[in-house]
Amino acid sequence: MNYDFNEIEAKWQKYWAENQTFKAANNSDKEKFYVLDMFPYPSGAGLHVGHPLGYIASDIYARYKRHKGFNVLHPMGYDSFGLPAEQYAIQTGQHPADTTRVNIDGGFDKEGNEIKGYRKQLDVMGFSFDWSREVRTSNPDYYKWTQWIFIQLFNSWYNNDSNKAEDISTLIALFEKEGNTTVNAVSDEDIEAFTAEQWKGFDTKKKQEILLQYRLTYLADTEVNWCPALGTVLANDEIVNGVSERGGHPVIRKKMTQWSMRISAYAQRLLDDLTTVDWPQPLKDSQTNWIGRSQGASAIFNVKDHDDKIEVFTTRPDTIFGVSFMTLAPEHDLVSKITTPEQKEAVEAYIEATAKRSERERMADVKTISGVFTGAYAEHPFTKEPIPIWIGDYVLAGYGTGAVMAVPCGDQRDYDFAKHFNITIPNIFEGVDISEEAFADKGKTVITNSDFLNGLPYKKAMKLAIYELEKIGHGKGKINYRLRDAVFSRQRYWGEPFPVYYVDGMPQMIDAEHLPIALPEVEKYLPTETGEPPLGNATIWAWNTETNEVVDNSEINNTTVFPLELNTMPGWAGSSFYFNRYMDPNNENEIFSKEAINYWQDVDLYIGGSEHATGHLLYARFWQKFLFDKGVVPKNEFAKKLINQGMITGTSALVYRINLKVVEKSKIILREKGEAIIPKEAFKYISVKSNIFASYKLLDSISSKTVTSSNSVITAENIELAIKLMSIFKVEKNIIDLINDGSHILDISYDCIRIDVNNVDASDKIIDFGKLRDWNDFQHGNFIDDIGVIIKNVGEFTTGREVEKMSKRWYNVVSPDSICVEYGADSLRLYEMFLGPLEQSKPWNTAGITGAHGFLKKLWRLYVDDNGVKVTDTEASKDSLKTLHKTIKKVEEDIENFSFNTSVSTFMIAVNELSSQKCTSREVLEALIILVSPYAPHIAEELWNKLGHSESISTAPFPKFESSHLVESSKEYPVSFNGKMRFKLELPLDLSKEEIEKTVMEHEKTQKQLAGRTPKKVIIVPGKIINIVG
RNA sequence: GCUCGAGUGGCGGAAUUGGUAGACGCGCUGGAUUCAAAAUCCAGUUCCUUUGGAGUGUGGGUUCGAUUCCCACCUCGAGUACCA
């Protein structure tokens, strides 16, 4: 009986689906365990072998936990709203809902190409997902709850006293009682103060305007990152190096009315609670950086001859006496007010120039120092000295207050600015030379020339400076965060609609009972001619407050029927709570039942890529904390443990298009640095652009210089091969002779051309030349094989290999489907794990899979031969039991440590050992197949079934490790001399140190090693090692 | 520039608390089987000047003993980018 993996895998996948083997119950006596994969976006390109890496790891863990007796929740679904589907809709006119459905469920695209679909691709890999819990963020019964959470955020404010989100009604009650002056809330800046009496006198609109400044999601004019090419705003984390993350389009700053999320209210808690989760340190570091907490002081400087004040944030209030100028961001509100008439022209020109520069230019060019004096002066809060006020684009409008007190002696940027514009640089540090650069070492700081701060070190000076600033009413201690409130509006079609309509320009929430507000149909997915978002094209997009229905726009009367919000929500909205929704995904009345959330609580293991570090993972933590404050979820953090799986890169296959040059040696001019200059007259022969392709091995054997994709010229040293090559190029004999006599050299230049990796075998050789010639470039190409002969139809042609990102453009994409057809899902699963540690990035090379596949065949033969099952009830040998139990121990440790690669090796060793022991014992083999089952579930089910079990193996108890089987009576000691192992010696383990020493010293090999010397010392660690020093 | 991570055979990688470096697999070499190939099986495979010796990016240090700990440097990768 052969191992027919295709049949076996199809059989068990069908069995699992029909029997709902992995359906998790929301009430169980068993302990819960929640294993989650990061939400995939279902793109049309489908999966390549790199994508399932994390899914395989989480599936192994989930299956392991079932064997360990846990009730395991292991769901899967789709983050199905998003930009690519919409861009595709704009290009092809197809509804994004349709293309998204095809991408998930399979079907055909507009060109008629078959799309297999995510679901089918996932199914053939044998994952133990509970598909009854699948969610899609673009389904109305899902986004109903995204809209519901939005309403909850709108109806909440952040109370700094209780340090949590509270219902907006408690804020209104406070306003009614004592106005807003005593309220300790997170809010917009510059809110006008009012008393309780004034509040009661405000009309409804005014009250709403004020409340918006406190709500956790609010509508406000904000400076946003506008991407003209995509026609939408982008969040900070959607911009990389000044261009959009998707598509790489330029981004400009623009002021727009937008929904924002007051995530800044949670900055400190998001930072603090990082210590409570078991997440990778680099991920925590990047969140810490992104939040960017810095402690210091705000200081207020009066502007001379004006009523205005400039507030700055500084982390070095101790250096306040070192201030010699101030710098404002060019966008700062005060600039136009305070600029003197003499400076007006220069200032305006500068502002215009900076506005023109894109964000990217500004970032790329950090070295150029630029700025303009405004002509105005501020007043030092302590010395009352005048301080010139400059503007400069090194000050960012978006950070702190957009203004800095410049202390050139203590800050390098201020120092450079001062030097450049000849501003004085007063020194306030004792015993420090600042003639060359600023001094920023806090630890060594001793303040001088600073009135009451003289002689103090950094920490004391800082405290005293803040105290004195507070005393004169010119500042206070302050903590500043880099984290900005998150812009929540997108000018796109394919996203969640807001449950919002407008009365008199003020946003109103639709009652939760009327949700979901479904995405309307539109003719075009582009912005309207008046520049409104795509929903502006919808004709049925107005809210009737009497019938509580979405109605035709023509009915808008602004008394009972009002216009609806035209923006949609960003991609991260739907993915910020899906892990909770999975607990009770089909609940129509609640986001999830109390029973479900109280049973499942939180995610125990979350696996996904590190690219979500500052996007999804920060926003999801924010929403979780908000829902926690509101008593909706019981946990402050949603995922206890998180693992970032590494990327799988591709191994591209290269062939080399070559050209030849014959150069006269004596005419080459060598420069000092080793560079060679070749004058025109040195060339005796230059080939025309050829269609001749050389094998890697050939080029490699011609030259001692390594052939790489970045270095494109080598010099022939192997004359014999060089002559072969030249004859292929039909170089005349008299030129060939020039090489032969040594007066000339042959330079071979090459371009690397990538070919399909699926046409290359384990030895890097091309499998099918016919297939290769179908490629445009190669139709009339000549291929020169490893020994320098033109290939007709067959031949040994070795390709070069290069590790790079797996991508269509490098022809190095390998799909899991084809691997599953050829080797089976179990082989794929084992091999992906075997490649290396989960967290590390590593290259894929299909060649290696034969190792994993061979293992499964060998495993199969341990149970089954030509006559059927060969497992017997005979007693297991001591050796076999030893093999089994050391395997149990190692595999259990490995899984608990997420070291899946080493357990695959352990299985291989176990099967190798049991095969040579000719083990047929049911006791051993039944336990072994349970161990293998999480990794290779199909073969495990099949063998389990063949052993006579009628139930699935999936909940069979994990074998118990018994140390008694591993007890040894003797040990093969390594005998080292000065730490170097020289020979081994088998000794009983119960020997005393003295006895060991005696035996070792008497040994002939010891005497030979010592060659008559007397050892200085003999180190003996019983059971471990013997080391002889001397 | 800053922060973090990593450097071990031809390749992916293993090595528990400081205790036999290179497990396991690929590839390669030789052999068996076969008309032949595939598949399978067996043996070998870090390097060198091989009765031995060297060796985990480089140079130092701690130690009886270092891939593992400490210091300095080099290289590569990831993140971040004027954050006051």
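Order of the sequence lines sets the chain letters (A, B, ...), proteins ahead of strands, with each chain counted from 1. Every value quoted in this text rests on a predicted model; they were computed, and no experiment measured them.
Put simply, Thr902(A) has no side-chain N or O that comes within less than 4.0 Å of OP1 or OP2 on C24(B). Under 4.0 angstrom from either OP1 or OP2 of C83(B) there lies at least one side-chain N or O belonging to Arg413(A).
Atom pair Ile767(A):CD1 and A38(B):P shows a separation of 13 Å (rounding to whole Å applied). Taking atom NZ of Lys697(A) as the reference point, atom P of G27(B) lies 14 Å away to the nearest angstrom. Here the C1' atom of nucleotide A84(B) and the CD1 atom of Ile320(A) are 13 Å apart, to the nearest Å. Going from atom CG of Asp764(A) over to atom C1' of G12(B) covers 13 Å, rounded to whole Å. For the pair Met647(A) CE and C76(B) C1', the computed distance is 14 Å after rounding to whole Å. Taking atom CD of residue Glu893(A) and atom C1' of nucleotide A14(B), one finds them 15 Å apart after rounding to whole Å. Rounded to a whole Å, the NZ atom of Lys890(A) is 13 Å from the P atom of C24(B). Rounded to whole angstrom, the span from the CH2 atom of Trp844(A) across to the C1' atom of C26(B) amounts to 13 Å.
Taking atom C1' in both C47(B) and G22(B), the straight-line distance is 12 Å, to the nearest Å. For U8(B) and C76(B), the P atoms lie 14 Å apart once the distance is rounded to whole Å. Rounded to whole Å, the separation between the C1' atoms of A81(B) and C70(B) comes to 32 Å. G31(B) and C69(B) have their P atoms separated by 46 Å, with the value rounded to a whole Å. Comparing the same atom, P, in U49(B) and in A43(B) gives a spacing of 28 Å after rounding to whole Å. Atom P of C73(B) sits at a distance of 11 Å from the matching atom of C2(B), rounded to the whole Å. Across the C1' atoms, A15(B) and U67(B) are found 8 Å apart, a figure rounded to whole Å. Rounded to whole Å, the separation between the P atoms of G9(B) and C71(B) comes to 25 Å.
Within 6.0 Å of the NZ atom in Lys889(A), the count of heavy atoms belonging to other residues, nucleotides or ligands does not exceed 12.
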Pairs: protein N or O with nucleotides 39-47 of chain B N or O, under 3.5 Å:
{"from": "C41(B)", "atom 1": "OP1", "to": "Arg861(A)", "atom 2": "NH2", "distance (Å)": "3.3"}

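The nearest pair of heavy atoms linking Gly322(A) to Pro408(A) is O-CD, 3.7 Å.
The aromatic rings of His885(A) and Phe961(A) sit tilted relative to each other, their planes meeting at an angle between 30° and 60°.
A donor-acceptor pair is defined here as one N or O able to donate and one able to accept, closer than 3.5 Å; no such pair exists between the side chain of Asp786(A) and the backbone of Ser695(A). Counting only distance, with no hydrogens or angles, the side chain of His420(A) and the backbone of Tyr415(A) share no donor-acceptor pair below 3.5 Å.
At the heavy-atom level, Asn912(A) lies under 4.0 Å from the strands shown only through sugar-phosphate atoms. Residue contacts for Arg982(A): at a heavy-atom cut-off of 4.0 Å it reaches the sugar-phosphate backbone alone, with no base atom in range. Contacts of Asn901(A) with the nucleic acid, taken as non-hydrogen atoms under 4.0 Å apart, involve only primed sugar atoms and P, OP1 or OP2. Across all strands shown, Asp411(A) has no heavy atoms under 4.0 Å from either base or sugar-phosphate atoms. Here Ser976(A) lies out of heavy-atom contact (under 4.0 Å) with every strand.
In this structure, Ser294(A) and Val1029(A) both approach RNA chain B, and ranking their closest nucleotides by distance from the 5' end singles out Val1029(A).
Contact of the Thr651(A) side chain with the Glu802(A) side chain is not registered, since no non-hydrogen atoms from C-beta on lie closer than 4.5 Å. Using a 4.5 Å cut-off on side-chain heavy atoms (C-beta onward), Ser903(A) and Tyr935(A) make contact.
Across C83(B), A14(B), C24(B), the shortest atom-to-atom separation from the side chain of Leu396(A) is found for C83(B). Closest to the side chain of Val404(A), from the set A84(B), U20(B), C82(B), is A84(B). Considering only side-chain atoms of Tyr399(A), the nucleotide from U20(B), A84(B), C24(B) that sits closest is A84(B).
In this model, no donor atom of one side chain and acceptor atom of the other lie less than 3.5 Å apart for Lys857(A) and Asn2(A). For Glu986(A) and Tyr973(A), the side-chain atoms include no donor-acceptor pair closer than 3.5 Å. For the residue pair Asp894(A) / Thr902(A), a side-chain donor-acceptor distance below 3.5 Å is found, with atom types taken as modelled.
Taking 4.0 Å as the cut-off between side-chain N and carboxylate O, Asp865(A) and Lys870(A) do not count as a salt-bridged pair.
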A correct dot-bracket answer for RNA chain B, with pairs being Watson-Crick or G-U at under 3.5 Å, [ ] for crossing pairs and | for inter-strand pairs, is (((((((..(((......[....)))((((((.......))))))(((...)))..(((((..]....))))))))))))....
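Base orientation of G30(B): anti, since the glycosidic angle falls outside 90° of 0.
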